[in-house]
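In what follows, a single structure is set out as structure tokens and then discussed.
Quick note on labels: first sequence line is chain A, next is B, and so on, each numbered from 1.
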Protein chains: 2
Amino acid sequence: MVALKQKLEERGLRKTAFRIELLTLFTQTKSSLSIEDIKSSVGKTSDKVTIYRALDAFEKSGLIHRVPDKANLARYALCHNECKPEAHSHNHAHFICTVCDETFCIENVEVPKIHLKQGYKINSSTLTLEGSCPSCQSA
Amino acid sequence: MVALKQKLEERGLRKTAFRIELLTLFTQTKSSLSIEDIKSSVGKTSDKVTIYRALDAFEKSGLIHRVPDKANLARYALCHNECKPEAHSHNHAHFICTVCDETFCIENVEVPKIHLKQGYKINSSTLTLEGSCPSCQSA
DNA sequence: AAATTTATCGCAACTTGGTTGCGTTAGTTT
DNA sequence: AAACTAACGCAACCAAGTTGCGATAAATTT
Ligand SMILES: [Mn+2]
Ligand SMILES: [Mn+2]
Ligand SMILES: [Zn+2]
Ligand SMILES: [Zn+2]
């Protein structure tokens, strides 16, 4: 709780009721959150513009990172490895479950370093896996 | 030309002027095509709905495959390894140039096979690299 | 504590990429 | 040539996300 508010303060973000609630929500989620997830969890109180802007601010300050989504919608997960606004380092794979539409950070699988032939300069890479997650296996 | 019409025929697609032109365009492109690319190349003649439906039909019948795009827009490239409607096999990496917004198929880089811990079942994987392409290096 | 400053919020209006419905056109088959 | 049906074109629609701007409320200064 208090540590949470500190994270906002450290990055020069204001500790508004909504942003505290949003950040709390992220810490409580093991996977990731879509706009819909947030809307339904926060209640209808907050406008979608507010949500988008908060997510944007959180991402820029290294609190969360965007993850791939089944339908390419906005979706975010907490940065576990204390990212800095300048350098987000989350070079892990992501898993999209096509059954429950959830996206999981696979922190223990690194994105492989690829070397391309002369001329290509790589700045970032992503490795995305698709299939069914443990909870959706029974079906 | 004639081989091209055959490909359409083989898959039960009609050889309309537009679809022949579109498929020709794909064979002439070394990288990939966005809707805008197609629009400007085909002239204003064809409706966007026609383009979307043709791309959809081509993809379903294994002529083209969707590639990632800088802004998540629709973008397609020719299938070089003769895909079947049932099984598209294009497990190669893709490179997005953030300068010219082009997407390249990196046919000689395979997407690595990943093994996850019990419970996750992987159906498909994608490896996407981002940076600047050879033509955009000088800048 | 009051005044000031400015990040954040909320509403409305807009943009964009893509989809759906449906009547028309034109390949393909008989 | 007649029949059948994939493909086309237009209009209307949809959903995710963005922009502008005035109102609210944290944070800072007096
Ligand atoms: Mn992640
Ligand atoms: Mn490809
Ligand atoms: Zn699942
Ligand atoms: Zn380029």
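OP1 or OP2 of dG9(D) lies within a sub-4.0 Å distance of a side-chain N or O belonging to Thr50(B).
We find that CZ of Arg19(A) is positioned 9 Å from C1' of dC9(C), with the value rounded to whole Å. Atom NZ of Lys39(A) is separated from atom P of dC9(C) by 16 Å (rounded to the nearest Å). In this entry the distance linking CZ of Arg66(A) with C1' of dA16(D) reads 10 Å, nearest Å. One atom, CZ of Phe58(A), and another, P of dA7(C), lie 16 Å apart when rounded to the nearest Å. Rounded to a whole Å, the CZ atom of Arg75(A) is 17 Å from the C1' atom of dG17(D). Between Asn72(A) atom CG and dG17(C) atom P the separation is 14 Å, expressed in whole Å. A straight line from CZ of Phe18(A) to C1' of dG10(C) spans 12 Å, rounded to a whole angstrom. As a whole-Å value, the separation of Leu8(A) CG from dT8(C) C1' is 13 Å.
Across all strands, Ala74(B) comes closer than 4.0 Å only to sugar-phosphate atoms, never to a base (heavy-atom distances). Nucleic acid contact class of Ala54(B) (heavy atoms, under 4.0 Å, all strands): none.
Comparing the helix axis at one end of the helix from dA1(C)-dT30(D) to dT30(C)-dA1(D) with that at the other, each defined from 5 consecutive pairs, gives an inter-axis angle of 30° (nearest 10°).
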Taking only nitrogen or oxygen atoms into account, show me every contact under 3.5 Å that the protein makes with nucleotides 18-24 of chain D, one pair per line with its distance.
| from | atom 1 | to | atom 2 | distance (Å) |
| --- | --- | --- | --- | --- |
| dG20(D) | O6 | Arg53(A) | NH2 | 3.4 |

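Shown here are the side-chain hydrogen bond (donor to acceptor under 3.5 Å, both in side chains) partners of Glu36(B), two or more places apart in sequence or in another chain: there are none. For Asn91(B), the side-chain hydrogen bond (donor to acceptor under 3.5 Å, both in side chains) test picks out no residue, with sequence neighbours left out. Every side-chain hydrogen bond (donor to acceptor under 3.5 Å, both in side chains) that Ser34(A) has, sequence neighbours left out, goes to Asp37(A). For Ser132(A), the side-chain hydrogen bond (donor to acceptor under 3.5 Å, both in side chains) test picks out Gln137(A), with sequence neighbours left out.
Hydrophobic cluster membership of Phe95(A), counting Ile, Leu, Val, Met, Phe, Trp and Tyr whose side-chain heavy atoms lie under 4.5 Å apart directly or via other members: Phe104(A), Ile106(A), Val109(A), Val111(A), Ile114(A), Leu116(A), Tyr120(A), Ile122(A), Leu127(A), Leu129(A), Phe95(B), Phe104(B), Ile106(B), Val109(B), Val111(B), Ile114(B), Leu116(B), Tyr120(B), Ile122(B), Leu127(B), Leu129(B). Under a 4.5 Å side-chain heavy-atom criterion applied to ILVMFWY residues, the cluster that includes Val49(A) comprises that residue alone.
Side chain of Arg66(A) to backbone of Tyr76(A): no donor-acceptor contact under 3.5 angstrom is found.
Residue pairs meeting the side chain to side chain donor-acceptor pair (under 3.5 Å) criterion with at least one partner in residues 107-118 of chain A, sequence neighbours excluded, are His80(A)-Glu107(A). Contacts classified as salt bridge (charged side-chain N to carboxylate O under 4.0 Å, His left out) and involving residues 12-32 of chain B (residues at least two apart or in different chains) are given here: Glu9(B)-Lys15(B). The stretch residues 96-106 of chain A participates, sequence neighbours left out, in these side chain to side chain donor-acceptor pair (under 3.5 Å) pairs: Ser31(A)-Glu102(A), Ser32(A)-Glu102(A), Lys70(A)-Asp101(A), Arg75(A)-Glu102(A).
With dG17(C), dC11(C), dA16(D) as the choices, the nucleotide that has an atom nearest any side-chain atom of Leu73(B) turns out to be dG17(C).
The aromatic rings of His65(A) and His94(A) sit tilted relative to each other, their planes meeting at an angle between 30° and 60°.
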**Complete:** Counting primed atoms, P, OP1 and OP2 as sugar-phosphate and everything else as base, the B/S/- map of nucleotides 23-30 of chain C against protein heavy atoms under 4.0 Å is ---BBS--
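Phe26(A) and Tyr52(A) fall within a single hydrophobic cluster, where Ile, Leu, Val, Met, Phe, Trp and Tyr side chains are chained together by heavy-atom contacts under 4.5 Å.
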